[in-house]
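Chain letters run A, B, ... following the sequence lines, proteins first, then strands; residues in each count from 1. Computed from a predicted structure; not experimentally measured.
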Amino acid sequence: MFFRMLAKAFTVGFKGKILLIVTIAFGASLATAMLNVSLDVGDQMNRELKTYGANLQVIPKMDALPAEIDGVDFNPLADREFIDEQELPKIKTIFWAYNIVAFTPYLEASANLDKMNHPVAVVGTWFNKDLDLPTGEQINTGIRQLKTWWQVEGEWVKDDDSNTALVGTALAGKLGLSPGQILEVNIETGGVSKSLPLKVTGILSGGGTDDDKIFVSLSTLQQTTGLAGKVGRVEVSALTTPENELARRASLNPERLSAKDYETWYCTAYVSAIAYQIEKALPGSEAKVIRQVAESEGMILTKIQLLMFILTAAALISSGLGISGLMTTKVLERSKEIGLMKALGAQSSEVLLLFVMEAVISGIAGGLIGYGAGLGFAHIIDRTVFDTSLTFKGLVLPLVLLLSVLLTLAGSFSAMRMVIRLQPANVMRGGR
Amino acid sequence: MRKSTMFIRMLVSSFQQRKSRMLIALFAIIVGTAVISGLLSVYYDINIKMGMEFRSYGANLILTPTSESGDKVFSVSTTQEIAGVFPQKDVVGYTSNLYGLVKINSRRLVVVGTWFDQISKITPYWEITGTMDTDRNASGTVLVGKALAEKLGYKIGTVLPLKDEVSGREQKVSVTGTISSGGTEDNQIFINLADAQKLFHQEGLANAAYFSVTGEGLDAAASAVNMKHPQMKLSPIKQISGSEAVMLNKISSLVYIVVVIILLSTLLCVATTMMTMVMERKQEIALKKVLGAQNKALSLEFLSEAGVLALAGTLAGLIFGYFLAQIIGQSVFHSAITFRWAVVPLVTVTALLVAGLASLIPLRSVIGIEPAVVLKGE
């Protein structure tokens, strides 16, 4: 009998249920979309924030103190240390290898130009290098991936080119250079000056000290300076988790952490943990956190996550109240029916059970439909804002179903109390 | 005349007799308008607020003498003048730097003269241990880069004899703190600008100035400055300003689309609640028709009810919306969100439209029926 009544409620009374299920579905779709997006927003924004460039810098541990102004080292005679170029692929073999977005080495030298009264920085680097990893994979990395804000008028330098250069726009302006012209620079290495003719392929506008520098392929500068296979420093861009108290303690001295803390720290993508792992992978190196990027990134990420969290909460509350309100109206509307059932001898508990079951079924049905629609919304958001497709999250479906059932029940709660107190005679005679 | 009194009496009694149902509808509208007005206010403010947060990346403009002028230095007063070009509230901070080389025990080091009071604004990401004297007239104290301090064994309290390479002038300074940035600053010594000017014999001069400015149109402002001061070049630091523009765009489009989806769902929730309310009054409508009510009069009655509900709900909703915006502003950005008056008419019209449509649509289907069919029971 109970099941027959329950079935009737959804077959005969189906029309009345449509609106209810539709409302629950709207609420659930909102919850699905917001949960999907805000669970992901940290990762997505993190990737976007990579436009700020490197957040780690790897330098030789025993390096002399450079006296650098605008990229020109005024201590050229100091004993410089170097990192081996062939060690660099190891950066992509650390525990958090997949979080390393890009890296590029630099070898810097200062050069004298005929028309200039002060030395100019010449930088050798990878522009867009195909790199073979020890794991057998091949990746593509270099300064183009790292400094996405660079604009080049003309052609980029290719990594296997020799004697081609990108010239910073400020320097090119001083020298009256344009792409295609030849530039003669005298590079100082160990007290001797070596002449290097360079063909300018492009004019670089980087908006900063880069505009006063000359960029050549790494191999070109290595040959000229006689530093084959050596690089001065490496910049690394990595996806990281915002620092917390544990990360700050670890950055002082990781060895002093308790074993459990150490493991948590090591297995979380904190920038300090990644720096530590790079230092272990490249012996004799020191990985420093570029605080301008790393610190600010953490701030911005925390803000965005908090904002999305609050918007999600607002969305959940708003849809929850919508569902509850409708549920109450629905139960109130049926006071006559309840009166009749009670008059025919139904116990309050039996009537309640019927209503609870109806609410649960509506909640699940609405929740399922809403989940589908919500995935669509989330997909639209990911597509338009982040240009990525939606990643499926198993957690959201049960959460949304639970939420919609709970909200439907909560919504009928106040109405249900009324069901218990209802006097059949009162309702049946036409009052309330 | 009697007709309108009757109309008002019906309207009033409709609210009195069906208190609980009306309260639910009112509640739905309040929640809906509160969410809409609150989120819209947040959306309008998001670029300003996030722009402020992005200043944690530090300076986004750099001022140097042009390469054509041949000078490497310029007068510090120019910095002040150019800072005045931007609206005062948009300028987070600015500083003038003077660079020079000194010798300490025959070791060459870079000394940067700067304004210590601006460090927390221009380079807020520095980790500073120890103290610094933020008085611009103070003299004889320096901050040293962390790498330099570690390699040369400098500690807080160490006295350094700075000797200018060119002029041979010497000044004894004491280290009050160390700074760490992870960049070239770790190898430098920071000194008060006035001290640096004396040491390098460059009174009133600087090599570069850094500005941290929020708001849009930095490129336009920069080219205006460059027109006015042909000797100077003010240029956006692309790494910071370019990336910031990209990020702000992403964030505001994210918030925009999220707000739109929340608005749609909220409106639909309000609409369905209103629709249910009208549907359940089938019998009442049939009875009124039997008693001779015109379809037009019925529509008018239901619309007026919806209008009263919508207006009352909007009024309360706007107040709650204001608080919602403030809660979001305080918890995320630690600052108040400006309440936009443009939101008021927008929200009112939306609420009226949604409530009106939501009662008219079900009324349409009910109005067409034969009263007898409804009144005889099921």
Ring pair (Phe, Tyr, Trp, His ring centres under 6.0 Å) between B:Tyr57 and B:Tyr125, worked out: CA-CA 7 Å; B:Tyr57 280 97; B:Tyr125 45 87; 8.2 Å; no
Residues which pass side chain to side chain donor-acceptor pair (under 3.5 Å) with A:Thr302, listed by chain and number, not counting sequence neighbours: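 A:Thr302: no side chain to side chain donor-acceptor pair (under 3.5 Å) contacts found.
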Side chain to side chain donor-acceptor pair (under 3.5 Å): pairs with one or both residues in residues 21-35 of chain A, sequence neighbours excluded: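 Those involving residues 21-35 of chain A are A:Thr23-B:Thr272.
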N-O pairing of B:Arg55 and B:Glu244 below 4.0 Å: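 Yes, this pair counts.
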Let me know if [X] has heavy atoms under 4.5 Å from chain A in its side chain, its backbone, both or neither.
{"X": "B:Ser181", "result": "backbone"}
{"X": "B:Thr123", "result": "neither"}
{"X": "B:Leu23", "result": "neither"}
{"X": "B:Ser331", "result": "both"}
{"X": "B:Gln188", "result": "side chain"}
{"X": "B:Phe27", "result": "side chain"}
{"X": "B:Ile62", "result": "neither"}

Atom group of A:Gln151 that falls short of 4.5 Å from chain B, counting heavy atoms: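 Only the side chain of A:Gln151 comes within 4.5 Å of chain B.
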Aromatic A:Tyr106 / basic A:Arg233 pairing, under 6.0 angstrom, 45° off normal: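 Yes, cation above the ring, under 6.0 Å and within 45°.
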Which of A:Ala315, A:Gly206, A:Ala313 touches chain B most, by non-hydrogen pairs under 4.5 Å: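 Option with the top pair count is A:Gly206.
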Residues forming a ring pair (Phe, Tyr, Trp, His ring centres under 6.0 Å) with B:Tyr256, sequence neighbours excluded: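 Partners of B:Tyr256 by the ring pair (Phe, Tyr, Trp, His ring centres under 6.0 Å) criterion, ordered by chain and then number, come out as B:Tyr43.
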Side-chain donor/acceptor of B:Gln326 to backbone N/O of B:Ile337, under 3.5 Å: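 Flag set: sc B:Gln326 to bb B:Ile337 pair under 3.5 Å.
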Proximal to chain A - members of residues 29-41 of chain B, heavy-atom separation under 4.5 Å: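 Under the 4.5 Å heavy-atom cut-off, B:Val31, B:Val35, B:Leu39 qualify.
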Sub-4.5 Å side-chain heavy-atom contact between A:Lys288 and A:Leu56: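 Sidechains of A:Leu56 and A:Lys288: no contact.
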